[in-house]
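Note: hydrogens, waters and symmetry copies are ignored here, and every other heavy atom, side chains too, is used.
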Amino acid sequence: MDRPSLSTVAVVGLGTMGTGIAEVLVRAGREVVGIDSSQEAAGRAVAALEKATARAVSRERLTGRERGEALARFRASTDLRDAAGAGLVIEVVPESYPLKHEVFRALDGIVKPGAILATGTNALSVTRLAADSAHPERVLGLHFFNPAPAMKLVEVVSSVLTSPEAVEAVTALAHELGKEPIRVGDRPGFVADGLLFGYLNQAAAMYESAYATREDIDAAMKLGCGLPMGPLELLDLIGVDTARTVLEAMYAESHDRLHAPAPVLGQLARAGLTGRKAGRGFYTYEAPGSATVVPDALTPGADAGRGTPRHVGRVGVAGSGTMASGIAEVFAKAGYDVVLVARGQEKAGAAKARIASSLARSVKKGRMSAEDREAALARVTPAGSLEAMAEVDLAVEAVAEDLTVKQELFAALDGVCKDGAVLATTTSSLPVVACARATGRPQDVVGMHFFNPAPAMKLVEVVRTVLTGDDVHATVRAVCSRVRKHPVDCGDRAGFIVNALLFPYLNNAVKMVQEHYATLDDIDAAMKLGGGYPMGPFELLDVVGLDVSLAIERVLHEEFREPGLAPAPLLEHLVAAGCLGRKSGRGFREYARR
């Protein structure tokens, strides 16, 4: 087929997404026919366009004249036959094969021979829709992200039947609309949702198992990964029923149990608790369609189930690396006297020098005064022996992520620290209870997982074992509050909250590349532009370190015995080849040597 003219576009389905796509098109100079079987929906679309363009004028993104011209280019209709003159028809009706088939069959008898038919599905098979069309070569997927006017990503999805000319035409249109198109093949979820929905499903399963509260799961992923929304908040925004539909399609294709919808999604959907649009989903909202969360029976109380905190005036930190010095800095800035213990006085002195440099940068950036810097630094006492921890109230270990090393350290701390001292491990993947059992006071041992860089990251995962005392748990939460960190509670299992949700997502991204479904650049772009992630998965893997990532994924696989959690062979091969990420100069990408 010849490359068609796309000066006139029909949008079929005038819900939130269809109306948003229509706005993008008219503001880019296209003539748009918006079609919906409901006269009420058509009227709402006109009103929404008027409101959106008025807002753009008030923000000086459009002139009054440009607004008038844009509105004049939009016409609403309830008759599908009004798509006859369009060079491109974008279908955005609900995610139902029968409904979409009905629309495509009708369009076959209406549109001109060279017109392109695009489905906005994010879950259903484009190939299946195309196969039932009279002209499958002109059918493709054009997946915008919500809200369409703001989100830059557009996935252009071709089936084995789609003509290259149709793909070229809509890709060029996406560029002209100011979007970033990526071309992908036809599989459920495509790139962005293919990675996103597996992660959302695991978060729903984590909540369903009562491992952590909805508030803690969401806070952990926002504060620990820099995400704009927590997974359960996002499920409520997307719609619990919609998410379940996407996951059902993904599972039908992959047969991966990680894609099998968590039962809680079906339970909520059947109860009509589909998220914000219903006024209730994982959270309860002020009204249907509202974004304002209101307290309900599941909202945690201010002091639910907590003991009386122990007094903490002096803190010991064991370790001399980046994490140890960062944690010591956090405590010192909060007013605690800190003993920083390393293997030898020289290493301890070097760790304190690292703190001094970090505090100096804070002064230079205007985040603290020179006087406060000197006061914080004066609170840090470097020491070359664990004996210096004899009088601390809280001992925090931040040594190598090796269970034997940590157990030996905890056994030594047990013999050095005074009775009543809280002993905390910063492990991100090892069993806290194994550290606790190395002591004669397992009730005093708790996990206190800081995130790197500790001075900047607000999250601390507070991990209590089956042996941790209530007062110890309460003590660590109180300390977190004083050092201005946000504590989230979780049990003692692999990955805790953040890594248990983050690393399967990263592993699935590696599998996409391994299967030649998409490129590194397209996947990174999809997750940043379509999911709001601060870094793409391959950028993040190279920063974390491929060896560290592989170790965490192995721990998760060993703990949960889920085949879908097995590390991707490509990741294993890169680590075996010494390609560890930025630190080695090469990982998924190559880096200039410093």
Participant: Could you give me the CA-CA distance, side-chain angles and deciding distance for Glu397 and Thr426, then say whether side chain to side chain contact (heavy atoms under 4.5 Å, CB included) is met?
Facilitator: CA-CA 6 Å; Glu397 73 77 14; Thr426 62; 4.3 Å; yes
Participant: Do Val154 and Leu142 come within less than 4.5 Å of each other through their side chains, counting heavy atoms only?
Facilitator: yes
Participant: Is a salt bridge present between Glu95 and Lys100, judged by a nitrogen-to-oxygen distance below 4.0 Å?
Facilitator: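 So Glu95 pairs with Lys100 through a salt bridge.
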Participant: Which atom names give the shortest non-hydrogen contact between Ala518 and Val191, and what distance separates them?
Facilitator: CB-CG2, 3.9 Å
Participant: If you measure from OG on Ser133 to NE2 on His101, what distance do you get to the nearest 0.5 Å?
Facilitator: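 Separation between the atoms: 10.5 Å.
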Participant: Going by the ring pair (Phe, Tyr, Trp, His ring centres under 6.0 Å) test, which pairs reach into residues 511-536, not counting sequence neighbours?
Facilitator: Tyr505-Tyr533
Participant: Are any of the side-chain heavy atoms of Leu124 and Thr119 separated by less than 4.5 Å?
Facilitator: no
Participant: So do Pro181 and His175 actually touch side chain to side chain, heavy atoms under 4.5 Å?
Facilitator: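 A side-chain contact exists here, since the closest heavy-atom pair is under 4.5 Å.
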Participant: Please check this pair: side chain of Gln202 against backbone of Leu258, looking for a donor-acceptor N/O pair closer than 3.5 Å.
Facilitator: no
Participant: Calculate, to the nearest 0.5 Å, the distance between atoms CZ and CG belonging to Phe496 and Leu502 respectively.
Facilitator: 14.0 Å
Participant: Please walk me through it: do Val513 and Leu520 pass side chain to side chain contact (heavy atoms under 4.5 Å, CB included)?
Facilitator: CA-CA 7 Å; Val513 168; Leu520 301 177; 3.7 Å; yes
Participant: Regarding Lys277 and Asp241, does a basic nitrogen lie under 4.0 Å from an acidic carboxylate oxygen?
Facilitator: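 A salt bridge links Lys277 with Asp241.
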Participant: Looking only at atom types and distance, does a side-chain atom of Glu461 sit under 3.5 Å from a main-chain N or O of Val498, one as donor and one as acceptor?
Facilitator: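 It does hold such a pair.
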Participant: Indicate yes or no for a side-chain donor-acceptor contact from Thr468 to the backbone of Arg464 under 3.5 Å, with no hydrogens or angles considered.
Facilitator: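 Not confirmed, Thr468 side chain does not pair with Arg464 backbone.
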Participant: Check whether Arg354 reaches the backbone of Gly326 with its side chain - one donor and one acceptor, N or O, closer than 3.5 Å.
Facilitator: no
Participant: State the OG1-CG distance between Thr242 and Asn122, to the nearest 0.5 angstrom.
Facilitator: 8.0 Å
Participant: Any side-chain heavy atom of Val544 within less than 4.5 Å of one from Ile552?
Facilitator: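 Of all side-chain heavy-atom pairs linking Ile552 with Val544, none is under 4.5 Å.
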Participant: Would you say the side chain of Asp522 lies within less than 4.5 Å of the side chain of Val184, judging by non-hydrogen atoms?
Facilitator: no
Participant: Got more than 12 heavy atoms from elsewhere within 6.0 Å of CZ, Arg589?
Facilitator: yes
Participant: So does Ser429 get a backbone contact from the side chain of Glu401, meaning a donor-acceptor N/O pair under 3.5 Å?
Facilitator: yes
Participant: For residues Pro504 and Asn499, report the shortest heavy-atom separation together with the two atoms involved.
Facilitator: CD-O, 3.7 Å
Participant: Does the side chain of Asp489 pick up a donor-acceptor pair with the side chain of Thr213 at under 3.5 Å?
Facilitator: no
Participant: May I ask you to decide if Met17's main-chain N or O and Asn146's side chain share a donor-acceptor pair within less than 3.5 Å?
Facilitator: no
Participant: Any side-chain to backbone donor/acceptor pair from Lys179 onto Leu173? Under 3.5 Å, distance only.
Facilitator: no
Participant: Please determine whether side chain to side chain contact (heavy atoms under 4.5 Å, CB included) holds for the pair Leu196 and Leu234, giving the CA-CA distance in whole Å, both sets of side-chain angles, and the decisive distance to 0.1 Å.
Facilitator: CA-CA 10 Å; Leu196 178 65; Leu234 185 53; 4.0 Å; yes
Participant: Drop me the distance from Glu572's CD to Arg554's CZ, to the nearest 0.5 angstrom.
Facilitator: 5.0 Å
Participant: Check the side chains of Asp132 and Tyr97 for a donor-acceptor pair under 3.5 angstrom, ignoring hydrogens and angles.
Facilitator: no
Participant: Do Val488 and Val462 touch side chain to side chain, with heavy atoms closer than 4.5 Å?
Facilitator: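 Side chain of Val488 against side chain of Val462, heavy atoms only: no contact under 4.5 Å found.
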Participant: Any chance you could lay out the salt bridge (charged side-chain N to carboxylate O under 4.0 Å, His left out) test for Glu253 and Arg187, step after step, and finish with the verdict?
Facilitator: CA-CA 8 Å; Glu253 177 78 14; Arg187 63 189 256 181; over 6 Å; no
Participant: Quick one: do Glu165 and Arg138 make a salt bridge, cutoff under 4.0 Å?
Facilitator: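 Here Glu165 does not pair with Arg138 in a salt bridge, since their nearest N and O are not under 4.0 Å apart.
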Participant: Side chains of Leu117 and His135: closer than 4.5 Å at any heavy-atom pair?
Facilitator: no
Participant: Where do Met323 and Ala454 come nearest, in terms of heavy atoms and distance?
Facilitator: SD-CB, 4.1 Å
Participant: Do the side-chain N and O atoms of Ser159 and Thr162 include a donor-acceptor pair separated by under 3.5 angstrom?
Facilitator: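 The criterion, which ignores hydrogens and geometry beyond distance, is satisfied for Thr162 and Ser159.
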Participant: Backbone N or O of Phe282 within a donor-acceptor pair of the Asp236 side chain at under 3.5 Å?
Facilitator: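 A pair under 3.5 Å: yes.
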Participant: Of all the heavy-atom pairs spanning Met151 and Gly530, show the shortest one and how long it is.
Facilitator: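 Smallest heavy-atom distance, with atoms named: CE-O, 3.3 Å.
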Participant: Go through the steps to decide whether Ile238 and Phe197 satisfy the test side chain to side chain contact (heavy atoms under 4.5 Å, CB included), and finish with yes or no.
Facilitator: CA-CA 11 Å; Ile238 292 168; Phe197 277 86; 3.9 Å; yes
Participant: Compare every heavy atom of Pro228 with every heavy atom of Gly531, then report the nearest pair and how far apart it is.
Facilitator: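 It is O-CG, 4.1 Å.
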Participant: In Å, rounded to the nearest 0.5 Å, how long is the span from CZ of Phe410 to OG1 of Thr425?
Facilitator: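 Nearest 0.5 Å value for the CZ-OG1 distance: 4.5 Å.
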Participant: Charged N to carboxylate O under 4.0 angstrom, Arg244 versus Glu248?
Facilitator: yes
Participant: Which atom pair, heavy atoms only, marks the closest approach of Cys490 to Tyr211?
Facilitator: CB-OH, 3.4 Å
Participant: Are Glu559 and Arg493 within salt-bridge range, i.e. N to O under 4.0 Å?
Facilitator: no
Participant: Mind checking the CG-CG spacing from Asp218 to Leu232? Nearest 0.5 Å is all I need.
Facilitator: 4.5 Å
Participant: Considering only heavy atoms from C-beta outward, does the side chain of Leu501 approach that of Ile217 to under 4.5 Å?
Facilitator: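 A side-chain contact under 4.5 Å exists here.
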Participant: Is it the case that over 12 heavy atoms from other parts of the model lie below 6.0 angstrom from the CD atom of Glu558?
Facilitator: no
Participant: Under 3.5 Å, side chain of Asp186 to main-chain N/O of Ser125, donor-acceptor pair present?
Facilitator: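 Judged by distance alone, no pair lies under 3.5 Å.
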Participant: Between Glu180 and Lys528, does any NZ, NE, NH1 or NH2 come within less than 4.0 Å of an OD or OE carboxylate oxygen?
Facilitator: no
Participant: Would the distance check show the side chain of Lys347 and the main-chain N or O of Val341 forming a donor-acceptor pair, the cut-off being under 3.5 Å?
Facilitator: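 No; judged by distance alone, with no hydrogens or angles, the pair does not exist.
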